[in-house]
Novice: 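This structure is in structure tokens; I'll ask about it shortly.
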Number of protein chains: 2
Amino acid sequence: MPDNLASKITDSELEVMKLLWRAKDALPVTVIREQLQESKGWEPATIKTLIARLVSKGAVRQEKRNVFYYSPVITEKEYSSWATKDLIARIYNGKARDLIASLVSSDGLSQDDIAELRDMFKVEE
Amino acid sequence: MPDNLASKITDSELEVMKLLWRAKDALPVTVIREQLQESKGWEPATIKTLIARLVSKGAVRQEKRNVFYYSPVITEKEYSSWATKDLIARIYNGKARDLIASLVSSDGLSQDDIAELRDMFKVEE
DNA sequence: CATTGCAGACTACAATTGTCAACTGAAATT
DNA sequence: AATTTCAGTTGACAATTGTAGTCTGCAATG
């Protein structure tokens with residue numbers, strides 16, 4: 001995990017992180033609750049547990065106002081880049097190109113994707 | 001998970017799978033045990049548990065000879081391709097190209113990788 | 001100001017995961 | 001044939017994860 005993290009962000013917790021990443025500013029539980037109750041059908045208690053766990057593992061910071069406001073400590077980029085490298089280490093023996101080869105050969109990429117990637121690598125120095 | 005799987009292969013179990021994937025033929029516990037005891041420092045009991053769990057979740061098949069011989073049901077390619085798509089779904093909103101963009105922009109690729117990928121996409125129809 | 005609603009803290013509980021020990025019966029060894 | 005060695009099975013136990021209930025005190029609202 002990103003080394004600022006005590007331990008891994010779990011799947012459920014990740015849903016909370018996604019919401020916080022999308023938000024421009026820190027959010028109070030009220031807002032987080034509303035959205036996740038709606039989108040995930042979770043009970044308020046569940047949502048509060050997830051937030052508390054994220055705070056305790058250092059992925060989310062709380063800021064005292066009238067009520068706590070929560071915001072991500074690690075960025076989405078940091079996390080996704082870590083998760084990707086972790087996958088590469090665990091499954092592709094550390095070889096990033098093997099990951100991409102796998103995508104290409106297992107039709108994980110659309111024609112559009114491939115076109116775009118061709119461009120990407122053309123420009124790339 | 002690959003839909004032939006009852007549930008996800010865990011990290012420890014994956015070590016067993018890797019060994020089985022590397023092997024040409026089915027292996028008896030003796031051989032699996034020797035290697036993992038060596039490479040992972042696991043107790044025989046641990047290794048036997050992992051094998052049993054893999055069998056019960058359908059990732060490994062056992063073949064009765066004098067003693068059981070074990071071989072993978074899902075291939076390494078199937079698994080890694082599934083794991084990759086799963087990552088893309090969970091973290092990159094289903095967009096494979098975002099994964100690759102993340103790799104490129106977070107220096108997850110060496111110059112060599114990039115060169116090779118440029119070739120890959122040049123040839124690619 | 002009394003009432004209500006909910007944030008925050010604590011507790012709970014089943015399922016999964018990482019590790020491993022004990023037992024049992026068959027195969028190998030003496 | 002008696003002994004030893006494991007494979008295979010079952011059980012175990014702590015930590016993590018998914019999901020949620022309860023309680024307490026403050027803040028908004030009538």
Side-chain angles (χ1 to χ4, degrees), chain A residues 1 5-20 23 25-71 79 83 86 90-91, chain B residues 1 5-20 23 25-71 79 83 86 90-91:
Chain A
M1 44 285 154
L5 278 216
S7 71
K8 229 183 90 136
I9 291 175
T10 70
D11 282 349
S12 295
E13 289 164 2
L14 188 57
E15 296 302 323
V16 179
M17 292 305 289
K18 284 181 183 173
L19 199 163
L20 294 176
D25 297 307
L27 299 179
V29 163
T30 330
V31 177
I32 303 178
R33 185 174 46 63
E34 270 167 15
Q35 299 196 35
L36 291 177
Q37 216 165 347
E38 166 70 17
S39 65
K40 291 286 157 186
W42 288 335
E43 291 302 314
T46 303
I47 297 163
K48 287 187 264 180
T49 299
L50 294 175
I51 296 173
R53 287 182 184 165
L54 283 169
V55 170
S56 93
K57 63 176 64 167
V60 162
R61 157 196 319 124
Q62 47 183 196
E63 197 186 324
K64 186 69 182 166
R65 316 250 255 260
N66 228 327
V67 94
F68 282 126
Y69 276 65
Y70 300 89
S71 54
Y79 182 74
D86 180 61
R90 293 207 343 283
I91 312 224
Chain B
M1 46 280 150
L5 278 216
S7 69
K8 231 184 88 138
I9 292 175
T10 70
D11 282 350
S12 295
E13 288 163 3
L14 188 58
E15 297 301 322
V16 179
M17 292 305 290
K18 284 181 182 173
L19 199 163
L20 294 176
D25 296 306
L27 300 178
V29 164
T30 330
V31 176
I32 302 177
R33 187 173 47 64
E34 271 167 15
Q35 300 196 35
L36 290 178
Q37 216 164 347
E38 165 71 17
S39 65
K40 291 288 156 186
W42 288 335
E43 292 302 312
T46 303
I47 296 163
K48 286 187 264 179
T49 298
L50 293 175
I51 296 174
R53 287 183 184 165
L54 283 167
V55 169
S56 93
K57 62 177 65 168
V60 162
R61 156 196 320 123
Q62 47 183 196
E63 197 186 325
K64 186 71 182 167
R65 316 251 253 262
N66 227 328
V67 92
F68 283 125
Y69 276 66
Y70 300 89
S71 54
Y79 182 73
D86 179 60
R90 292 209 341 285
I91 312 225

Novice: Mapping B:T30 and B:A52 to their closest nucleotides on DNA chain D, which lands nearer the 5' end?
Specialist: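 Counting from the 5' end, the first nearest nucleotide belongs to B:T30.
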Novice: Does a nitrogen or oxygen in the side chain of A:N66 sit under 4.0 Å from OP1 or OP2 of C:dA7?
Specialist: no
Novice: Measure from CZ on A:F68 to P on D:dA27 and round the result to the nearest Å.
Specialist: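 Rounding to the nearest Å, CZ of A:F68 and P of D:dA27 are 12 Å apart.
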Novice: Can you build the contact string for nucleotides 11-23 of chain D? Use B for base contact, S for sugar-phosphate-only contact, and - for no protein heavy atom under 4.0 Å.
Specialist: BB----SBBBB--
Novice: Considering residues at least two apart in sequence or located in another chain, which fulfil the side-chain contact (heavy atoms from CB on, under 4.5 Å) criterion with B:S39?
Specialist: B:L36
Novice: Between B:Y70 and B:L54, is a side chain to side chain contact (heavy atoms under 4.5 Å, CB included) present by the stated rule, with each step listed?
Specialist: CA-CA 10 Å; B:Y70 300 89; B:L54 283 167; over 6 Å; no
Novice: Between C:dT17 atom C1' and A:R90 atom CZ, what is the distance in whole Å?
Specialist: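 One finds 14 Å between C1' of C:dT17 and CZ of A:R90, rounded.
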Novice: Roughly how far apart are A:E13 CD and A:R53 CZ, rounded to 0.5 Å?
Specialist: 7.0 Å
Novice: Distance check needed: C:dT19 P versus B:L14 CG, whole Å only.
Specialist: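 Value for this atom pair: 13 Å.
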Novice: Evaluate the side-chain proximity of A:V29 to A:F68: yes if any heavy-atom separation is below 4.5 Å, no if none is.
Specialist: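 No. Closest side-chain heavy atoms not under 4.5 Å.
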Novice: Using a cut-off of 4.0 Å on non-hydrogen atoms, how would the nucleic acid contact of A:Y69 be classed: base, sugar-phosphate, or nothing?
Specialist: nothing
Novice: Could you go through the side chain to side chain contact (heavy atoms under 4.5 Å, CB included) check for A:K57 and A:T10 one step at a time?
Specialist: CA-CA 11 Å; A:K57 63 176 64 167; A:T10 70; 4.1 Å; yes
Novice: Please round to the nearest 0.5 Å and tell me the distance separating atom CG of B:L20 and atom CG of B:D25.
Specialist: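 It is 11.5 Å, given to the nearest 0.5 Å.
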Novice: Could you check how far CE of B:M17 sits from P of C:dT17, rounded to whole Å?
Specialist: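 Distance check: B:M17 CE to C:dT17 P gives 15 Å.
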Novice: Want to know the stems of DNA chain C: at least 3 consecutive Watson-Crick or G-U pairs with distances under 3.5 Å, which are they?
Specialist: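 Runs of three or more consecutive pairs: C:1-30 with D:1-30.
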Novice: Determine whether B:V67 and B:T30 make a side-chain contact, defined as any pair of heavy atoms from C-beta on separated by less than 4.5 Å.
Specialist: no
Novice: Between C:dA27 atom P and B:R65 atom CZ, what is the distance in whole Å?
Specialist: 15 Å
Novice: Write down the distance between CZ (B:R33) and P (D:dT9), rounded to a whole number of angstrom.
Specialist: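 Going from CZ in B:R33 over to P in D:dT9 covers 16 Å.
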Novice: Can you check the A:Q62 CD to C:dG8 C1' distance for me, whole Å?
Specialist: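 Taking CD of A:Q62 and C1' of C:dG8, I get 9 Å after rounding.
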Novice: Below 4.5 Å, heavy atoms only, C-beta onward: do A:V16 and A:V60 meet side chain to side chain?
Specialist: no
Novice: Are the side chains of A:R65 and A:E63 in contact, using a 4.5 Å heavy-atom criterion?
Specialist: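 A side-chain contact under 4.5 Å exists here.
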